[in-house]
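Working notes, beginning with the structure itself.
Every chain is numbered from 1 and lettered A, B, ... according to where its sequence line falls, protein lines coming before strand lines.
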There are 2 protein chains.
Amino acid sequence: MQEESTPMRLTTQRQVILEELIKVTSHPTANEVYDMVRKRLPRIGLGTVYRNLELMSESGLILKLEVGGTQKRFDAVVKPHYHVRCIHCGKVNDVDMPVQQGINESAAQSSHYKILSHHIEFTGLCYQCAKVQYQPIMN
Amino acid sequence: MQEESTPMRLTTQRQVILEELIKVTSHPTANEVYDMVRKRLPRIGLGTVYRNLELMSESGLILKLEVGGTQKRFDAVVKPHYHVRCIHCGKVNDVDMPVQQGINESAAQSSHYKILSHHIEFTGLCYQCAKVQYQPIMN
DNA sequence: TTATGTGCAAAACATTTGCAGGAGT
DNA sequence: ACTCCTGCAAATGTTTTGCACATAA
């Protein structure tokens, strides 16, 4: 975990990863980014994609989403915003509602933590899956 | 994904898993539950623990937490509540603040999803880690 | 020229699954 | 008996890592 010592080199691989990520709003997984990037850089390795997504998220260039499901997802939109995940197909979308004000302060009062940020993940059914009359397990 | 057809049998393994989970407030991972349970049932398999945690969370008996980090965590407190995770040590605690009213409706208006629920995950430093003067990467 | 980055492959984790035998009803 | 459940081990899926070579500054 290094400081601002040497800035990250802007390699071709990093540039392409960032460009491809900016193109989409689908919050792709590392493997999906790999597939997108490989069309332009066929010899790139999956390890490189993982390494660079991690580095870029550490430096605040992109966002690493730790939402539900088995894989991490990545987002080129770094402005704080919330997400909704379809419990049927696993798709993740942005929720364009205002960020909840004062919620971090409430949490600070109700815990012994120094609160830095928060994230809200909504769960539901996307338009397509809702149409299929999918019956979720209500609990 | 079956309905309420046959209720789950209350086997010794399931009973012990649930009892151990009720004992703690640490939101243990599957592997931590395995370690706790193994002290009482040395021959239980890790697969059984995973299978039963999954089944119990499907039936609403326990909560599967899909918070940040690499592993899923489990909670015997099923009443809706929020969580805070220490970015330094990874510990997860409850946040005893009221559930945000009307937030699902806001999200429904700002997305094309049928919203079912939401979860808020706060990120910060726990009391112990904050004392250690840990310098987080602010972004 | 030299620190940093890459491709490749193997390793490390986390979780799921197949199956033969075991237990509850 | 019959079904559901378990232990075990192997398989799967995701992410990380070691290392020799490549490349940007």
Side-chain angles (χ1 to χ4, degrees), chain A residues 1-21 27-59 61-74 85 90 92, chain B residues 1-20 27-59 61-62 64-74 85 90 92:
Chain A
M1 221 167 258
Q2 58 174 22
E3 299 299 309
E4 310 281 325
S5 50
T6 326
M8 213 179 8
R9 280 188 191 162
L10 185 55
T11 61
T12 308
Q13 288 86 341
R14 286 175 187 161
Q15 202 168 324
V16 171
I17 289 172
L18 188 54
E19 284 172 8
E20 292 300 312
L21 202 49
H27 311 85
T29 63
N31 208 69
E32 287 166 350
V33 173
Y34 177 52
D35 285 340
M36 289 153 55
V37 168
R38 214 161 21 151
K39 289 177 187 153
R40 293 173 56 187
L41 302 175
R43 302 196 53 90
I44 196 173
L46 181 56
T48 302
V49 173
Y50 268 101
R51 259 186 303 240
N52 287 334
L53 287 172
E54 185 63 34
L55 280 172
M56 286 160 142
S57 75
E58 273 175 18
S59 71
L61 211 57
I62 65 173
L63 227 57
K64 174 161 67 167
L65 304 184
E66 312 223 15
V67 293
T70 49
Q71 290 151 282
K72 304 240 161 74
R73 291 171 172 273
F74 298 87
R85 182 168 54 96
V92 173
Chain B
M1 219 167 258
Q2 59 173 22
E3 299 300 309
E4 308 284 323
S5 50
T6 326
M8 213 178 10
R9 278 188 192 159
L10 185 53
T11 61
T12 307
Q13 286 87 339
R14 288 175 185 161
Q15 201 168 326
V16 172
I17 288 171
L18 188 55
E19 284 171 8
E20 291 301 312
H27 312 83
T29 63
N31 207 69
E32 287 166 352
V33 172
Y34 177 52
D35 284 341
M36 288 153 56
V37 168
R38 213 159 24 149
K39 287 176 186 151
R40 292 172 57 188
L41 302 175
R43 301 195 53 87
I44 196 171
L46 181 55
T48 303
V49 173
Y50 269 100
R51 258 186 303 241
N52 286 334
L53 287 172
E54 185 63 35
L55 280 172
M56 285 162 149
S57 74
E58 273 175 20
S59 71
L61 211 57
I62 65 173
K64 174 162 64 167
L65 303 184
E66 313 223 14
V67 293
T70 49
Q71 290 151 280
K72 304 239 161 76
R73 291 172 172 275
F74 298 87
R85 183 168 54 98
V92 174

Requested in this report: Taking salt bridge (charged side-chain N to carboxylate O under 4.0 Å, His left out) as the test, write out the residues that go with A/Arg38, two or more places apart.
Outcome: A/Asp35
Report summary line: Residues passing the side-chain hydrogen bond (donor to acceptor under 3.5 Å, both in side chains) test with A/Gln71, sequence neighbours excluded, are none
Query - Atom-pair distance (CG on A/Leu10; P on D/dA24), nearest Å - result: 11 Å
Report summary line: Between B/Met8 and B/Ser59, the two heavy atoms sitting closest are CE-OG, 3.9 Å
Query raised in the report: Please give, in whole Å, the distance from C/dT16 P to B/Gln71 CD?
Result: 12 Å
Report task. Give the rounded distance in Å between these two atoms: CG of A/Leu18 and C1' of C/dG5. Result -> 17 Å
Query - Distance, rounded to the nearest Å, where A/Tyr50 contributes OH and C/dC13 contributes C1' - result: 12 Å
Query raised in the report: With A/Glu54, which residues qualify under side-chain hydrogen bond (donor to acceptor under 3.5 Å, both in side chains), at least two apart?
Result: A/Lys64
Report task. Specify the separation, in whole Å, of atom CD of B/Glu58 and atom C1' of C/dT16. Result -> 13 Å
**Report entry** For B/Gln13, side-chain contact (heavy atoms from CB on, under 4.5 Å) partners two or more places apart
**Finding:** B/Thr11, B/Leu41, B/Ile44, B/Thr48, B/Asn52
Requested in this report: Calculate the interatomic distance between A/Ile17 atom CD1 and C/dG5 atom P; express it in whole Å.
Outcome: 12 Å
Report summary line: Within residues 32-40 of chain B, the residues having a heavy atom closer than 4.0 Å to DNA chain D are none
Report task. Report the residues that fulfil side-chain hydrogen bond (donor to acceptor under 3.5 Å, both in side chains) with B/Arg9, sequence neighbours left out, ordered by chain and then residue number. Result -> none
Report task. Measure the distance from CG on B/Leu65 to P on C/dT15 and round it to the nearest whole Å. Result -> 12 Å
Query - Evaluation steps, salt bridge (Lys or Arg N to Asp or Glu O under 4.0 Å), between A/Arg40 and A/Glu20 - result: CA-CA 10 Å; A/Arg40 293 173 56 187; A/Glu20 292 300 312; 2.8 Å; yes
Requested in this report: Quantify the bending of the helix from C/dT1-D/dA25 to C/dT25-D/dA1 as the angle between its end axes, each fitted on five pairs, to 10°.
Outcome: 30°
Query raised in the report: Could you write nucleotides 3-9 of chain D as a row of B, S and -, 5' to 3', where a protein heavy atom under 4.0 Å of any base atom gives B, of only sugar-phosphate atoms gives S, and otherwise -?
Result: BBSBBB-
Query - All side-chain hydrogen bond (donor to acceptor under 3.5 Å, both in side chains) counterparts of A/Gln15, not counting sequence neighbours - result: none
Between side-chain atoms of residues 27-34 of chain A and protein atoms elsewhere (two or more places apart, or another chain), which donor-acceptor pairs fall under 3.5 Å?
{"residue": "A/His27", "atom": "ND1", "partner": "A/Thr25", "partner atom": "O", "Å": "3.1"}
{"residue": "A/His27", "atom": "ND1", "partner": "A/Val92", "partner atom": "O", "Å": "3.0"}
{"residue": "A/His27", "atom": "NE2", "partner": "A/Asp75", "partner atom": "OD2", "Å": "3.3"}
{"residue": "A/His27", "atom": "NE2", "partner": "A/His83", "partner atom": "NE2", "Å": "3.4"}
{"residue": "A/His27", "atom": "NE2", "partner": "A/Asp94", "partner atom": "OD1", "Å": "2.7"}
{"residue": "A/Thr29", "atom": "OG1", "partner": "A/Glu32", "partner atom": "N", "Å": "3.2"}
{"residue": "A/Glu32", "atom": "OE1", "partner": "A/Thr29", "partner atom": "N", "Å": "2.9"}

Requested in this report: Please report the closest heavy-atom contact between B/Gly69 and A/Glu66, naming both atoms and the distance.
Outcome: N-OE1, 2.5 Å
Report summary line: Whole-Å distance, A/Gln15 CD to C/dT6 C1', equals 16 Å
Query raised in the report: Could you give the distance from CD1 (B/Ile17) to CE (B/Met36), rounded to the nearest 0.5 Å?
Result: 10.0 Å
